[in-house]
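Here the structure is laid out as C-alpha cells; the discussion comes afterwards.
Values below: every heavy atom of this structure, side chains too, minus hydrogens, waters and symmetry copies. Indexing begins at 1, ligand by ligand and atom by atom, following the structure's order.
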Amino acid sequence: MSAAAGKLRLGVVGLGRLGKRHAENLAYRVPGASLVAACSPVEEERAWARENLPAPRLYGEYAEVLADPEVDAVWLVTPSSLHAQQIIDALRAGMHVFCEKPLSLEVAECERVLAEAERYPHLLATIGFMRRFDPSYRDAYERIAAGEIGRPFMVRSQTTDKNDTDGFFVRFAGTSGGIFLDCTVHDIDVARWLLGKPRATRVYAAGTVALHEGLREFGDVDNGVAICEFEGGKLAVFYASRTQAHGNDTHSEVMGTQGALAIGRVPVANRLEIYGPSGVRAECTETFFDRFEEAFLVEARGFVEEVLRLRGGAVNSGMVGASLSDALEATRIGCGLRESLLAGGAVVL
Ligand code: NAI
C-alpha cells in the first residue's frame, strides 16, 4: 500500500513567498495530507521544491496538475488576479480547492465562481482567511458567541507590515488589487465574522503615499484608513500600512455593549521582556508569517480534516474557514474601498 493511501492527495500551485510555507506545512505537518504534486512556472521555484519537498511530481503548468488523476485537491497560492479562473478549473476537474485570499479582485468574477461552485456541492472550496484559525482570534469569536461582551457593534482592525525597502509589494502592486484588497481584506473578513456577518451598506476610504512613490502609477497607497458601515448600526474602522518601522503590527478590537476584546494589540514576538539602561522592551513580530504561522497550520489541518470527513460521507457544511460567499462579501467591500480611495467620497454598496 502506498504512503498516500487513505490520505488526501494535494497539489500545491504557486511556490512563491507564501506558497513555499504552505507546501512545507502540507508535506510535513498536516496529518492526513500527502503532498503529491507541486506547480510553478518558474524553474528556480521547482528546483526549491526538488530540494525541500518529499519528491512530489513537479509541473510547470497548472493544467498538468488538473490532469493528474492522483491529485484530489489543489492548494492555490498564486497571484490574486488568477484565483477565480483557477478555482473554476479545479472544480470542473473534480478537485477540492483551498485558495489564498482574496477570492478575486472583481465582484463579477467572485459571482462567477459562486455560480460554478453550486454545481459541485460535494466539493469543498474555501478561501484562506487564516485569522479565523489563529487561537486568539478564535478565542475572541467563541467569547462573543457566548455573549461575554453583550452585543458586538464595532470592530477596529489593522494590518500593517514592516517597511520593505526592497519594494516587493511595489512590484506586486499590478496584481495585488491595491492595499485594501490585499491587506484590509483580512480585516474586512474579521469584522464580518466577529460581528455576525452583517451586510455592508456604505464605505469611505482615504490614503497616502508616505514612502513608496512607485505605487502612484498603480493608483495605490502605502497607508490607508477606512470606515465601513453595516446594516443594523454596526461599524468597522480599518488601518493598513506597508511602512511600519517596528515590524508587522496586525491586531483587532471588538467593542460590545457589555465589554470589549483586544486581539494581539501589542505585537510582541514572544513573551521575553528585555530590561536595560534605557528601559524595558520586547521584540516585535517581523512579518505576517511570524505572527500567523500557527494559524496557517491550523487552517491546513482544518481543510484536510474537513475533506476527509466529506469523503467519509459527511454533508458539506462549508463550515471550515471562510466560505466563497464570505470571500465575495470581502471583495465587494474591498472594491468599494478602492473606488472610494480613487474617486474621493463615500461609496454606497
Ligand atoms: P508570489 O508572487 O511570491 O508567488 C506567486 C506564485 O505563483 C509564484 O510561485 C509564481 O511562480 C506562481 N505563479 C504565477 N503564475 C502562475 C500560473 N499561471 N500558474 C501557476 N503558478 C503561477 O506571491 P505570494 O506573496 O506568495 O502571494 C500569493 C498569494 O497568496 C496571493 O494571492 C496573496 O494575496 C496571498 N497571500 C496571502 C497572505 C495571507 O496573509 N493569507 C500573505 C501573503 C500572500
Exercise for the section: Identify the protein heavy atom lying closest to atom 20 (C) of ligand 1, giving its residue, its atom name and the separation to 0.1 Å. Expected result: Val13 CG1, 3.6 Å

Exercise for the section: For this output row, return yes or no: ring centroids of Phe168 and Phe172 closer than 6.0 angstrom. Expected result: yes

Problem - Output field: ring centroids Phe303/Trp75 closer than 6.0 Å - result: yes

Completion exercise
The atoms of ligand 1 lying under 4.0 Å from a heavy atom of Asp182, numbered in the order shown, are 34 (O)

Practice task
Can you sort out which atoms of ligand 1 are near Glu45, meaning under 4.0 Å from one of its heavy atoms?
Solution key: 8 (C), 9 (O), 10 (C), 11 (O)

Problem - Heavy-atom nearest option to atom 16 (C) of ligand 1, drawn from Leu181, Leu82, Thr287 - result: Leu82

Exercise for the section: Compute the shortest N/O to N/O distance between Leu18 and ligand 1 and return yes if it is under 3.5 Å, no if not. Expected result: yes

Fill in the blank from the handout: Min over Pro41, Pro79, Gly16 of heavy-atom distance to atom 7 (O) of ligand 1 lands on Pro79

Handout entry: Atoms in ligand 1 with a heavy atom of Gly14 nearer than 4.0 Å
Key = 6 (C), 7 (O), 9 (O), 12 (C)

Practice task
Provide the number and element of each atom of ligand 1 under 4.0 Å from a heavy atom of His83.
Solution key: 32 (O)

Handout entry: Whether Phe296 lies under 4.0 Å from ligand 1, heavy atom
Key = yes

Practice task
Run down the list Val12, Thr175, Val77 and name the one with the heavy atom closest to atom 28 (C) of ligand 1.
Solution key: Val77

